[in-house]
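So the structure is just underneath, and the comments pick up after that.
Each chain gets a letter, A, B and so on, in the order the sequences are listed, and its residues count up from 1. Please read all numbers here as calculations on a predicted model, not as lab measurements.
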Protein chains: 2
Amino acid sequence: MLNNSQYIEKLRSSGLRPTKQRLKICEVLFNTDKTFHFTINELVKRISKVSNHKISLATVYNTVHSFKKKGYLKEIPINSDQSYFDTNTSHHHHFYDEGQKNLIDIDDADVEPVKINTKIPGKKIKSVEVLVKVEDDKS
Amino acid sequence: MLNNSQYIEKLRSSGLRPTKQRLKICEVLFNTDKTFHFTINELVKRISKVSNHKISLATVYNTVHSFKKKGYLKEIPINSDQSYFDTNTSHHHHFYDEGQKNLIDIDDADVEPVKINTKIPGKKIKSVEVLVKVEDDKS
DNA sequence: CAATAGTTTAGAACAATTATAATGTAGAAA
DNA sequence: TTTCTACATTATAATTGTTCTAAACTATTG
C-alpha cells in the first residue's frame with residue numbers, strides 16, 4: 001500500500017526505471033491489503049480494468065519477470081500450462097484445486113517445517129515448496 | 001521389468017487396448033531397473049532409439065496422458081515450460097536444479113512427513129508434493 | 001538540452017500441446 | 001473366419017502461452 005512516489009523510489013532503488021507502465025503494474029499488484037495469485041492473462045485484465053492506456057503484452061511479461069528477479073513476486077510451480085505468480089513473497093505454501101484451478105495460500109505457521117535429510121554434493125537448497133493438491137471430499 | 005504379454009495383460013486389465021504403440025511405449029518406460037523422469041520430447045527420442053517405426057507425436061501425448069490417468073505415470077509440477085513425468089509413481093519428492101534443468105528424486109525416507117495443520121472445507125488432500133530447488137553452492 | 005542506455009511496442013516467431021478428421025485396427029459378434 | 005464397431009493412430013492444422021525482434025520512445029546523465 002504505497003503511493004506513487006514510493007513506488008518510484010522502490011523501483012529506482014532496485015535499478016529499474018520508474019516508467020508509467022511499471023508504476024501502473026505496481027499499483028495493480030501492490031496497492032491492496034491482501035496479496036494474491038495471478039496469471040499473466042489475469043494481470044492484463046486487471047490492468048485494463050484500472051486504466052484506459054493498455055500496456056503491451058510484452059511489457060507485462062517483461063515487467064513481471066523483472067519484478068520476480070527483484071524479489072517483488074514469486075512464481076509458483078504448478079503443473080499447468082501457464083505460469084502462476086504470487087504477490088506474497090514471504091515463505092509459505094499452497095493448496096491447489098485442480099478441478100477449479102484454484103490456488104490458496106497455506107500460512108507458513110500451518111505447515112511443520114519440512115526437513116530434508118539428504119543433499120546433493122555441490123548444491124545448496126534455494127527453496128522448499130510444498131504443493132498440496134486437493135479435490136472434492138465426496139465422503 | 002515385464003515381458004510383452006504381461007504388458008498386454010496390464011493394459012487390458014485397465015481398459016486400454018494393447019496396441020503396438022502402447023506396448024512399445026511400455027517397453028521404453030518400464031523395461032528398466034531404475035525409474036526415471038522425462039519430457040515428451042525426451043520420450044520421443046528414446047522411442048526412436050529403440051524402434052524404427054516412429055510413433056506419431058499425438059499418440060505419444062495421448063498415451064502418456066492415459067498412462068498418467070491410469071496411475072502408471074506421475075506428472076511432476078515444476079515451474080517450467082514443459083511437463084515432466086516420472087515413472088516412479090510411489091510417494092516421493094524432488095530436487096530441481098533450475099540451472100541444469102535437472103530433476104532428482106528424494107527418497108521418501110529422507111523427508112520428514114509434511115504435516116499440514118489446516119484444511120479447506122469440502123476438500124480433501126489428494127497429494128502433497130515437495131519441490132526443493134537447488135543451486136550451485138558457491139560458499 | 002543532447003546523448004545514450006534502458007524501455008516499450010506491435011507483431012512475428014516459437015515451442016508445447018491439443019484438436020481434427022481421415023484411416024487403421026483390436027476385439028466381439030455373427 | 002469374416003464383419004462390424006468402437007477405439008486408436010496419424011499427419012497436420014490450430015491453439016496457447018511465451019519470447020524475440022527491431023523500430024520508436026523515454027528516463028536519466030552530463
Side-chain angles (χ1 to χ4, degrees), chain A residues 4-5 7-26 28 37-45 47-48 51-70 72-73 75-85 98 101 103, chain B residues 4-5 7-28 37-45 47-48 51-70 72-73 75-85 98 101:
Chain A
N4 213 269
S5 65
Y7 288 128
I8 291 178
E9 194 37 51
K10 177 176 173 160
L11 289 172
R12 230 187 307 249
S13 72
S14 59
L16 295 173
R17 285 187 185 170
T19 63
K20 271 198 300 291
Q21 293 83 350
R22 283 171 178 165
L23 288 168
K24 174 62 63 188
I25 292 174
C26 275
V28 171
H37 308 117
F38 63 92
T39 62
I40 295 290
N41 243 316
E42 289 163 359
L43 178 54
V44 167
K45 279 186 208 148
I47 292 167
S48 60
S51 172
N52 301 318
H53 299 275
K54 58 180 58 112
I55 299 177
S56 158
L57 183 60
T59 300
V60 177
Y61 273 98
N62 289 340
T63 302
V64 165
H65 285 144
S66 33
F67 283 11
K68 180 191 164 190
K69 190 170 294 178
K70 295 301 178 186
Y72 303 155
L73 291 173
E75 192 166 358
I76 306 169
I78 290 187
N79 172 32
S80 180
D81 21 53
Q82 56 194 330
S83 293
Y84 285 77
F85 296 90
E98 279 179 312
K101 298 210 169 201
L103 195 56
Chain B
N4 212 267
S5 64
Y7 288 129
I8 292 180
E9 195 36 52
K10 177 177 172 160
L11 289 173
R12 229 187 308 247
S13 72
S14 60
L16 295 173
R17 284 187 184 170
T19 63
K20 270 197 302 292
Q21 293 83 349
R22 283 170 178 166
L23 288 169
K24 176 61 64 185
I25 292 174
C26 275
E27 187 193 320
V28 172
H37 309 118
F38 64 93
T39 63
I40 295 290
N41 243 315
E42 289 163 0
L43 179 54
V44 167
K45 279 186 208 148
I47 292 167
S48 61
S51 173
N52 302 317
H53 299 275
K54 57 180 58 110
I55 299 178
S56 158
L57 184 59
T59 299
V60 177
Y61 273 99
N62 290 339
T63 302
V64 166
H65 284 144
S66 34
F67 283 11
K68 180 191 164 190
K69 190 171 294 177
K70 296 300 181 186
Y72 302 155
L73 291 173
E75 193 167 359
I76 306 169
I78 290 186
N79 171 33
S80 181
D81 20 54
Q82 56 194 329
S83 293
Y84 285 77
F85 296 90
E98 279 181 312
K101 299 211 170 200

Inset, instruction - Give the rounded distance in Å between these two atoms: CG of A:N79 and P of D:dG17. - result: 15 Å

Legend entry - Which residue lies more 5' along DNA chain C, comparing B:L16 with B:S83 via nearest heavy atoms: B:S83

Legend entry - Donor-acceptor pair, side chain of A:K70 and main chain of A:S14, under 3.5 angstrom: yes

Legend entry - Under 4.0 angstrom between B:T19 side-chain N/O and D:dT9 OP1 or OP2: yes

Legend entry - side-chain N/O B:R12 vs C:dG27 OP1/OP2, d < 4.0 Å: yes

Inset, instruction - Among the candidates C:dG11, C:dG27, C:dT8, find the nucleotide nearest to the side-chain atoms of A:A58. - result: C:dG11

Legend entry - Closest to the B:Q21 side chain, choosing from C:dT17, D:dT9, D:dT18: D:dT9

Inset, instruction - Using a 4.0 Å heavy-atom cut-off across all strands, classify B:T39 as base, sugar-phosphate, or nothing. - result: nothing

Legend entry - Test side-chain contact (heavy atoms from CB on, under 4.5 Å) applied to A:L16 and A:T63, step by step: CA-CA 10 Å; A:L16 295 173; A:T63 302; over 6 Å; no

Legend entry - Nucleotide nearest A:N41 (side chain, heavy atoms from C-beta), chosen from C:dT9, D:dG17, D:dT9: D:dG17

Inset, instruction - Considering just the side-chain nitrogens and oxygens of A:S56, establish if one lies under 4.0 Å of OP1 or OP2 belonging to C:dA10. - result: yes

Inset, instruction - Could you check which of C:dT17, C:dG27, C:dT8 has an atom nearest any side-chain atom of B:R17? - result: C:dG27

Legend entry - Sugar-phosphate only, base, or nothing, as touched by A:L57 at under 4.0 Å among non-hydrogen atoms: base

Inset, instruction - Calculate the interatomic distance between A:R22 atom CZ and C:dT8 atom C1'; express it in whole Å. - result: 9 Å

Inset, instruction - Would you check, one step at a time, whether the test side-chain contact (heavy atoms from CB on, under 4.5 Å) holds for B:F67 with B:I25? - result: CA-CA 10 Å; B:F67 283 11; B:I25 292 174; 4.1 Å; yes

Inset, instruction - Would you confirm whether B:S13, through its side chain, and B:E9, through its main-chain N or O, come within 3.5 Å as a donor-acceptor pair? - result: yes

Inset, instruction - In whole angstrom, give the distance that lies between atom NZ of B:K69 and atom P of D:dC7. - result: 13 Å

Inset, instruction - Taking only the side-chain heavy atoms of A:Y61 (C-beta and beyond), determine which of D:dT18, C:dT25, C:dT17 contains the nearest atom. - result: D:dT18

Legend entry - Gap between atoms NZ and P, on B:K54 and D:dT9 respectively (whole Å): 17 Å

Inset, instruction - Kindly determine whether A:N79 and B:Y84 satisfy side-chain contact (heavy atoms from CB on, under 4.5 Å), including the steps that lead there. - result: CA-CA 9 Å; A:N79 172 32; B:Y84 285 77; over 6 Å; no

Legend entry - Rounded distance in Å - NE2 (A:H53) to C1' (C:dT8): 14 Å

Inset, instruction - From the options C:dT17, C:dA26, C:dT8, select the nucleotide whose nearest atom is closest to the side chain of A:N62. - result: C:dT8

Inset, instruction - For B:H65 and C:dA19, give me the distance from atom NE2 to atom P, rounded to whole Å. - result: 10 Å

Inset, instruction - State plainly whether the residues B:K24 and B:E27 are in salt-bridge range, i.e. N to O under 4.0 Å. - result: yes

Legend entry - For atom CG of A:D81 and atom P of C:dT18, their distance in whole Å: 7 Å

Inset, instruction - Would you mind reading off the distance between A:E42 atom CD and D:dT18 atom P, rounded to a whole angstrom? - result: 11 Å

Inset, instruction - Counting heavy atoms from C-beta on, name the nucleotide in C:dG27, D:dT9, C:dT8 closest to the side chain of A:T59. - result: C:dT8

